[in-house]
Amino acid sequence: MFDLYVVIFFLWTAIALYLLLGGADFGVGIAELFSNKKNQERIHKIMYREMGPVWEANHMWLIIVIVILFVGFPQIYSTLSTYLHIPLLIMLLGIIARGTAFTFRHYDAVIDNWHKVYNKIFIYSSFITPFFLGIIAAATVSGTINTEATEFSTAYIWSWLTPFGIALGVFTSCICGYLACSYTISQIENEEEKKYIGKKVKIFLISVILSGGLVFACAGYQNLPLIRWIYGGVVGWAAVLFATLSAIGAFYCIYKNKYSAIRILAGFQVIMILLAVTYGHYPDLVLLKQGSLSLLSGENEPKTIKMLAWALILGSIFILPGVFHLIYSFQKKR
């Protein structure tokens with residue numbers, strides 16, 4: 001049983017790191033998208049200078065999540081990849097389009113009108129990808145996946161295309177923009193640029209709060225027990241309290257022009273939000289119309305889980321120090 005808990009720990013940690021690091025990566029394009037034409041180039045230069053060198057490493061967390069589900073929880077993996085294949089495909093296409101556009105707009109030797117195309121692909125795919133990531137997350141806990149459906153639309157469209165899914169998609173995209181601006185601001189030396197990004201942090205934080213309210217409203221509309229999941233225990237209450245205090249602290253830092261702590265506050269706030277949302281229905285990972293898929297009962301053979309646990313432990317020992325050193329090396333002051 002210990003091996004299974006190790007695998008579950010790495011699964012949750014990989015999801016959290018993808019949201020924190022990959023989410024901030026997507027937020028670079030989202031910050032550009034929601035800036036006027038005059039400031040888009042400004043945002044582009046600031047964000048790329050501070051975050052561009054390590055963007056490629058962030059998607060490894062998503063790969064780890066997929067590998068853990070595929071190897072350790074095949075029933076959960078097959079259910080999600082079957083009934084949510086449309087939003088999954090759109091999300092993966094968004095990742096590919098975004099990465100391709102990022103490469104061409106920075107390394108293409110010929111400067112022409114194609115750069116405008118690359119820019120549009122980059123910023124729109126930066127929004128679309130986390131938007132559909134939020135939709136997928138919503139579908140897993142909405143109880144809308146019907147494994148007995150006989151119609152295509154019922155089985156493969158209405159299971160994820162819901163008000164709650166759209167609201168959570170918007171919420172996820174707002175979080176990404178908030179993380180990108182929060183991570184960047186402490187690395188900027190120019191005071192004018194700091195104040196500008198500080199305003200973006202405040203705008204995105206307000207959008208996170210408002211879209212979070214929309215998520216609760218849509219959950220109530222669909223009769224989802226989101227309030228009970230979050231506020232049904234001490235862990236949920238504590239996580240919400242800490243997330244609220246982090247948001248207040250971020251507003252205070254912006255008001256006082258103390259930007260060094262915003263990165264930590266933003267990351268901690270998002271972790272607390274993720275903890276509050278996921279802890280309430282643990283160990284059930286996928287809620288279906290016909291029941292649920294649990295992490296404690298749908299795992300693979302014990303020998304497979306044991307090997308997976310050891311692979312994750314050894315991999316973290318050898319790989320994680322190098323990854324964090326890479327991030328440190330590129331983000332220390334030059």
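Worth knowing before you read on, the calculation uses all heavy atoms, side chains too, and leaves out hydrogens, waters and symmetry mates.
Between Phe73 and Leu295, the shortest heavy-atom distance links the atoms CE2-O, 3.3 Å. Residue Val141 comes nearest to Trp229 through the heavy atom pair O-CH2, 3.1 Å, listed as atom of the first residue, atom of the second, then distance. Contact detail for Ile273 and Ala243: the closest heavy-atom pair is CG1-CB, 4.2 Å. Taking each heavy atom of Ile121 and Ala97 in turn, the nearest pair found is CG2-O, 3.6 Å. For the pair Leu84 and Ser159, the tightest heavy-atom approach, listed with the atom from each and the gap, is CD2-OG, 4.1 Å. Contact detail for Ser316 and Pro321: the closest heavy-atom pair is O-CD, 3.4 Å.
A donor atom on one side chain and an acceptor atom on the other are found under 3.5 Å apart for Ser126 and Arg98. With no hydrogens or angles considered, a side-chain donor-acceptor pair links Ser35 and Lys200 at under 3.5 Å.
Applying the under-4.5 Å side-chain rule to Ile, Leu, Val, Met, Phe, Trp and Tyr, the cluster around Leu89 extends to Leu93.
In the hydrophobic clustering of this structure, Trp158 groups with Ile135; members are Ile, Leu, Val, Met, Phe, Trp, Tyr whose side-chain heavy atoms approach within less than 4.5 Å, directly or through other members. Hydrophobic clustering (side-chain heavy atoms under 4.5 Å, transitive across Ile, Leu, Val, Met, Phe, Trp, Tyr) keeps Tyr255 apart from Ile206. Under a hydrophobic-cluster definition in which Ile, Leu, Val, Met, Phe, Trp and Tyr are linked whenever side-chain heavy atoms come within less than 4.5 Å, directly or via other members, Tyr221 and Leu161 are assigned to different clusters. Using a 4.5 Å cut-off between side-chain heavy atoms of Ile, Leu, Val, Met, Phe, Trp and Tyr, with links allowed through other members, Tyr252 and Leu245 fall into different hydrophobic clusters. With hydrophobic clusters built from ILVMFWY side chains whose heavy atoms lie under 4.5 angstrom apart, Val235 shares a cluster with Leu274.
When the ring-ring contact (aromatic ring centres under 6.0 Å, His included) test is applied to Trp12, no partner is found at least two apart in sequence or on another chain. For the side chain to side chain donor-acceptor pair (under 3.5 Å) test, residues two or more places apart in sequence or in another chain that qualify with Ser292 are Asp284. Residues passing the ring-ring contact (aromatic ring centres under 6.0 Å, His included) test with Phe26 are His59, sequence neighbours excluded. Under the rule for a side-chain contact (heavy atoms from CB on, under 4.5 Å), the partners of Ser81 that lie at least two apart in sequence or sit in another chain are Tyr77. By the side-chain contact (heavy atoms from CB on, under 4.5 Å) test, Ile86 pairs with Ile90, Phe152, Tyr156, Ile157, Trp160, sequence neighbours left out. Contacts of Trp237 classified as ring-ring contact (aromatic ring centres under 6.0 Å, His included), with partners at least two apart in sequence or in another chain: Tyr231. Partners of Tyr124 under the side chain to side chain donor-acceptor pair (under 3.5 Å) rule, at least two apart in sequence or in another chain, do not exist in this structure. Every residue meeting the ring-ring contact (aromatic ring centres under 6.0 Å, His included) condition with Tyr118, not counting sequence neighbours, appears here in chain and number order: Phe104, His115.
Between atom OG1 of residue Thr103 and atom CZ of residue Phe122 there is a gap of 10.0 Å, rounded to the nearest 0.5 Å. Expressed to the nearest 0.5 Å, how far CD1 of Ile64 lies from CD1 of Ile15 amounts to 11.5 Å. How far OG1 of Thr162 is from CD of Gln222: 4.0 Å, rounded to the nearest 0.5 Å. A distance of 12.5 Å separates SG of Cys181 from OH of Tyr259, quoted to the nearest 0.5 Å. In this structure, CZ on Phe204 lies 10.0 Å from OG on Ser182, to the nearest 0.5 angstrom. To the nearest 0.5 angstrom, Leu88 atom CG is 9.5 Å from His85 atom NE2.
Across Ile262, Leu265, Leu205, a single residue satisfies side chain to side chain contact (heavy atoms under 4.5 Å, CB included) together with Phe251, and that is Leu205.
In this structure, the side chain of Thr100 engages the main chain of Ile96 through a donor-acceptor pair within 3.5 Å. Side chain of Thr82 to backbone of Thr79: no donor-acceptor contact under 3.5 angstrom is found. The main-chain N or O of Gln75 is found under 3.5 Å from a side-chain atom of Ser78 such that the two form a donor-acceptor pair.
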List, one per line, each side-chain donor-acceptor pair under 3.5 Å for residues 209-219, sequence neighbours excluded.
unit_1 : atom_1 : unit_2 : atom_2 : d
Ser211 : OG     : Ser207 : O      : 2.7
Ser211 : OG     : Val208 : O      : 3.2

>> The test is side-chain contact (heavy atoms from CB on, under 4.5 Å); show your working for Leu179 and Tyr183 and say whether it passes.
In response: CA-CA 6 Å; Leu179 287 174; Tyr183 289 178; 3.7 Å; yes

> Passes side-chain contact (heavy atoms from CB on, under 4.5 Å), Ile95 versus Leu62? Steps please.
Replying inline: CA-CA 11 Å; Ile95 291 173; Leu62 178 61; 3.7 Å; yes

>> What verdict does the side-chain contact (heavy atoms from CB on, under 4.5 Å) test give for Val71 and Ile305, after you've listed the backbone C-alpha separation in whole Å, the side-chain angles of each residue and the deciding distance to 0.1 Å?
In response: CA-CA 8 Å; Val71 177; Ile305 294 295; over 6 Å; no

>> Could you go through Met91 and Ile136, starting from their C-alpha distance and side-chain angles, then the distance that decides it, and tell me whether this counts as side-chain contact (heavy atoms from CB on, under 4.5 Å)?
In response: CA-CA 9 Å; Met91 188 187 81; Ile136 293 166; 4.1 Å; yes

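With a 4.5 Å cut-off on side-chain heavy atoms, Tyr18 and Leu133 count as touching. Using a 4.5 Å heavy-atom threshold, the side chains of Ile271 and Leu19 count as separate.
Residue pairs meeting the side-chain hydrogen bond (donor to acceptor under 3.5 Å, both in side chains) criterion with at least one partner in residues 165-179, sequence neighbours excluded, are Tyr178-Gln269. Among pairs with a residue in residues 129-148, those fulfilling side-chain hydrogen bond (donor to acceptor under 3.5 Å, both in side chains) read Asn146-Gln290, Thr147-Gln290, at least two apart in sequence or across chains.
Crowding of Lys194 atom NZ: a count of heavy atoms from other residues, nucleotides or ligands under 6.0 Å exceeding 12.
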